[in-house]
Q: 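Just passing along the structure, written as C-alpha cells.
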There are 2 protein chains.
Amino acid sequence: MVKNVTFTDARDGVADCLKCSLRESVLFANLEEKDFEKLHDPIDQYTLPVGSTLYRAGDKGERMYTVRSGVLKLVQYLPDGSQRIVRLIRSTDITGLECIVGETYQHDAVVLHETEVCALPVRVVESLSKENPALHRELLNRWQRALKEADAWLTELSTGSAKQRVARLLLRLVKDTQMSECNLFAREDMGAMLGITTETASRTIAEFKRQSLLVETNTNHFLLDIPNLHRIAED
Amino acid sequence: MVKNVTFTDARDGVADCLKCSLRESVLFANLEEKDFEKLHDPIDQYTLPVGSTLYRAGDKGERMYTVRSGVLKLVQYLPDGSQRIVRLIRSTDITGLECIVGETYQHDAVVLHETEVCALPVRVVESLSKENPALHRELLNRWQRALKEADAWLTELSTGSAKQRVARLLLRLVKDTQMSECNLFAREDMGAMLGITTETASRTIAEFKRQSLLVETNTNHFLLDIPNLHRIAED
DNA sequence: CGCGTTCTTGAGATTGGTCAATAGATGTGG
DNA sequence: CCACATCTATTGACCAATCTCAAGAACGCG
C-alpha cells in the first residue's frame with residue numbers, strides 16, 4: 001500500500017538556507033547571516049513521492065521538517081485500525097515540532113502530493129533557538145498555528161452534515177491558493193479527514209459535480225464555485 | 001444563560017506561589033526561590049462559579065491561567081451559531097497560552113465545575129521565561145500537551161458511533177482520577193463535545209445506565225464499569 | 001491491452017436527528 | 001416547608017442522513 005522509499009533514495013542534496021526561496025515564510029525567516037554561520041551541520045533536502053512516509057508515529061524524533069512544496073497528511077490510528085487524518089501539512093508549514101520537547105512523533109506523516117522537505121535536526125534548532133529570540137518566538141508561533149488548525153478541523157471538518165464538511169474542506173483547500181482551483185485527494189483520504197465513509201465522500205463530490213459546484217479540469221483537479229460552496233458550508 | 005460574575009467579585013486574593021500546593025505540576029514547577037523574587041506583580045487567585053466565563057474568544061489576551069481545581073470548557077462557535085467544545089481544562093492545566101504569542105483568546109472559556117484559577121500576566125511569564133530555560137521548556141511542553149489533547153479529541157471523541165464516543169469520553173474523564181467515578185456534565189455539553197445532539201447524548205447515557213455500565217451515586221455522579229466501557233469504546 | 005485499484009452508484013439496514021410531550025430537578029418566594 | 005415557575009433530562013414517533021454491502025465503471029500502470 002505505502003510505497004517504500006527510503007530517505008537516502010530521495011535525498012536531493014544540501015539546502016542553502018541563506019538563499020532559500022522561501023526565506024520569508026520559513027522557520028528561519030528571522031535569522032541573520034551570522035546565525036547561518038553556526039549551521040555547521042548541513043540541512044538536507046528531500047523529494048518524496050506520493051504515498052511515501054516521512055516518519056511514523058512512535059519513531060524517535062530527531063528532525064523536524066519544513067515543507068517546501070506538496071502536501072502531507074498526519075494520520076493517527078484508532079484501536080480498531082481505522083485511520084483518522086488530523087491535519088494537512090503544506091508549503092511553508094513545519095511538521096515534527098514535537099521532537100523539540102523530546103517526544104516521539106505523534107502521527108504517521110504520509111505524502112499526498114509530491115513533496116519537497118528540508119530536514120532540520122532537533123539539535124540545530126534547539127541550539128539556534130537558545131541564542132536567537134526571533135527563532136524562538138517563531139517556534140511558539142508555529143505551535144500555536146498547529147493548535148489553531150487542530151481546533152478548526154474539529155469545528156469545521158468534524159461538525160455538521162457530510163455536505164457541509166466536504167464544502168468546508170474544499171474552501172479550506174483553496175483559501176491558500178487565492179484561486180478557485182484545487183487538487184483533490186483520494187476519496188478514502190477525504191473520508192478520513194471528515195469522519196465520513198469513502199462512499200459518502202464520493203457521493204457528495206459526485207453530487208457537487210452534477211450541481212456544477214465543481215468543474216473537473218483534470219483528474220482530481222477542480223474549479224470551485226466558491227460563493228455557492230460557502231452557502232452550503234454555512235447553511 | 002451565563003451567570004454574570006465579574007473578576008473582582010470572584011477574586012480570592014494573592015497567591016503565594018512559593019508555597020503553592022500544586023508546585024510539583026504547575027508551570028512554575030522548576031523555578032527557584034530567586035526567580036520568585038522577581039515576581040513583583042503579585043499572582044491573583046480567583047474562584048469561579050459554574051456557568052461563569054473566564055475569558056471570551058477575541059478578547060485581547062493579557063493573562064494566562066493555571067487551573068488549581070475544577071473544570072472549564074473551551075468553546076468555539078460555528079457560523080450557524082451552534083457551539084462546539086474543543087477541549088476541557090482541568091486541574092494543573094494551563095489555558096490562554098495563546099496570549100504569549102500575542103493572539104487574542106481563541107475560545108470562550110466557561111466554567112463547568114466550580115473552578116479556582118491563578119492569573120498569570122503575560123508580561124510576567126514572558127520575562128521569566130526569557131531568563132529561565134526550565135520555565136521556557138515547560139511552556140513548550142504545555143503547548144505540545146494541548147496539541148496532543150486536540151488530536152485525541154478528533155480521533156477519539158469525533159469518530160465512530162455515538163455509543164463509542166460517549167464511552168470514550170467517560171473513560172477519558174476517569175483516567176486522571178484513578179478511580180472509577182466521575183462527574184458528568186449537562187447533556188447539552190456532552191453533545192457539544194462529541195458532535196452529537198443533546199437527545200442522543202441523553203439516550204446513550206440512559207442506555208448505559210440501564211445496562212449498568214454506569215451507576216448513578218448522586219446527581220450526575222457515576223461509578224463506571226471500566227472494562228465493559230472499554231469494550232464498547234474499542235469495539 | 002489487461003490487471004488491479006479507486007470511484008461511483010444502487011438498495012436496504014441502521015443510526016442519529018427532529019419535533020414534541022412528559023417527567024425530574026432546581027430554585028424562588030411566600 | 002410547600003407550591004409554582006423554570007430548566008434539564010428522558011422518552012417516543014417519525015424521518016432523513018449516513019453506513020454497509022455489493023456490483024459495475026473508470027482510471028492508471030506496466
Side-chain angles (χ1 to χ4, degrees), chain A residues 1-4 49-51 73 78 80-84 110 112-114 157-167 169 183-211 213-214 216-222 232 235, chain B residues 1-4 49-51 73 78 80-84 110 112-114 157-167 169 183-211 213-214 216-222 232 235:
Chain A
M1 186 135 310
V2 171
K3 288 179 195 156
N4 202 9
V50 172
K73 61 177 174 182
L78 301 171
D80 75 348
S82 59
Q83 65 166 244
R84 182 80 212 235
V110 178
L112 292 185
H113 298 334
E114 182 173 279
L157 303 185
S158 302
T159 307
S161 69
K163 265 178 249 198
Q164 290 177 311
R165 297 186 194 187
V166 171
L169 175 62
N183 257 319
L184 239 33
F185 310 107
R187 302 297 174 265
E188 188 180 346
D189 283 328
M190 295 188 55
M193 292 176 208
L194 302 175
I196 61 181
T197 58
T198 307
E199 292 94 327
T200 300
S202 174
R203 270 187 252 268
T204 308
I205 291 292
E207 191 188 331
F208 283 2
K209 278 197 249 178
R210 281 190 291 270
Q211 300 173 341
L213 295 166
L214 298 178
E216 191 159 18
T217 56
N218 273 311
T219 308
N220 260 335
H221 191 255
F222 294 89
I232 292 179
D235 168 26
Chain B
M1 186 136 312
V2 171
K3 288 178 194 154
N4 200 10
V50 172
K73 61 177 174 183
L78 301 172
D80 75 347
S82 61
Q83 64 166 248
R84 181 82 208 234
V110 179
L112 292 186
H113 298 335
E114 182 173 279
L157 303 185
S158 302
T159 308
S161 68
K163 264 178 252 198
Q164 290 178 310
R165 297 184 195 191
V166 172
L169 175 62
N183 258 319
L184 239 34
F185 308 107
R187 302 296 174 264
E188 189 181 346
D189 284 327
M190 295 188 55
M193 292 177 209
L194 302 174
I196 60 182
T197 59
T198 306
E199 292 94 327
T200 299
S202 175
R203 270 187 253 268
T204 308
I205 290 292
E207 191 188 331
F208 283 3
K209 278 198 249 178
R210 282 191 289 272
Q211 300 173 342
L213 295 166
L214 297 178
E216 191 159 19
T217 57
N218 272 311
T219 310
N220 260 334
H221 192 255
F222 294 89
I232 292 178
D235 169 26

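Every chain is numbered from 1, with letters handed out A, B, ... down the list of sequences.
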Q: Is a donor-acceptor pair below 3.5 Å formed from side chain Arg203(A) to base dT20(D), judging by atom type as modelled?
A: yes
Q: Just how far, in rounded Å, is P of dT18(D) from CD1 of Ile196(B)?
A: 16 Å
Q: Identify whether any heavy atom of Thr198(A) sits under 4.0 Å from a base atom; if not, whether one sits that close to sugar-phosphate; answer base, sugar-phosphate or nothing.
A: nothing
Q: Please state whether the phosphate of dG16(C), meaning OP1 or OP2, lies under 4.0 angstrom from any side-chain nitrogen or oxygen of Thr197(B).
A: no
Q: Starting at CD of Glu188(A) and ending at C1' of dC19(D), how long is that distance when rounded to a whole Å?
A: 15 Å
Q: Would you say that Ser158(A) contacts Arg84(A) through its side chain, given a criterion of any heavy-atom pair below 4.5 Å between the two side chains?
A: yes
Q: Just checking, any donor-acceptor pair under 3.5 angstrom between side chains of Thr197(B) and Arg203(B)?
A: no
Q: To the nearest Å, how far apart are Phe185(B) CZ and dC7(D) C1'?
A: 19 Å
Q: Could you check whether Arg210(B) gets within reach of a base, just the sugar-phosphate, or nothing at all, counting any heavy atom under 4.0 Å?
A: sugar-phosphate
Q: Examine distances only and state if a side-chain atom of Ser82(B) and a backbone atom of Leu78(B) form a donor-acceptor pair shorter than 3.5 Å.
A: no
Q: For Glu207(A) and dT9(C), what is the distance between atoms CD and C1' respectively, to the nearest whole Å?
A: 13 Å
Q: For the residue pair Lys73(B) and Leu112(B), establish whether any side-chain heavy-atom pair is separated by less than 4.5 Å.
A: yes
Q: Indicate yes or no: does Glu199(A) engage Arg187(A) in a salt bridge with an N to O separation below 4.0 Å.
A: no
Q: Rounding to an integer number of Å, can you tell me how far Leu184(B) CG sits from dT8(D) P?
A: 16 Å
Q: On DNA chain D, does the nearest nucleotide to Gly160(A) precede the nearest nucleotide to Glu199(A) from the 5' side, or the other way round? Give the residue.
A: Gly160(A)
Q: When you measure from the side chain of Lys209(B), which nucleotide among dT10(D), dT8(C), dT18(D) comes out closest?
A: dT10(D)
Q: Report which part of the nucleic acid Lys163(A) touches: base, sugar-phosphate, or nothing (heavy-atom distance under 4.0 Å, all strands).
A: nothing
Q: In whole Å, what is the span from the CZ atom of Phe208(A) to the P atom of dC7(C)?
A: 17 Å
Q: Take the protein atom CG of Asn218(A) and the nucleotide atom P of dG28(D), then report the distance between them rounded to whole Å.
A: 10 Å
Q: Quick one: is Ser202(B) getting a side-chain N or O under 4.0 Å of the dA9(D) phosphate, OP1 or OP2?
A: no
Q: Is the phosphate of dG16(C), meaning OP1 or OP2, less than 4.0 Å from a side-chain N or O of Ser161(A)?
A: no
Q: Could you check how far CG of Asp189(A) sits from P of dT6(C), rounded to whole Å?
A: 10 Å
Q: Between dG24(C) and Arg187(B), is there an OP1 or OP2 to side-chain N/O distance shorter than 4.0 Å?
A: no
Q: Is Ile205(A) touching bases, backbone alone, or none of the nucleic acid, heavy atoms closer than 4.0 Å?
A: nothing
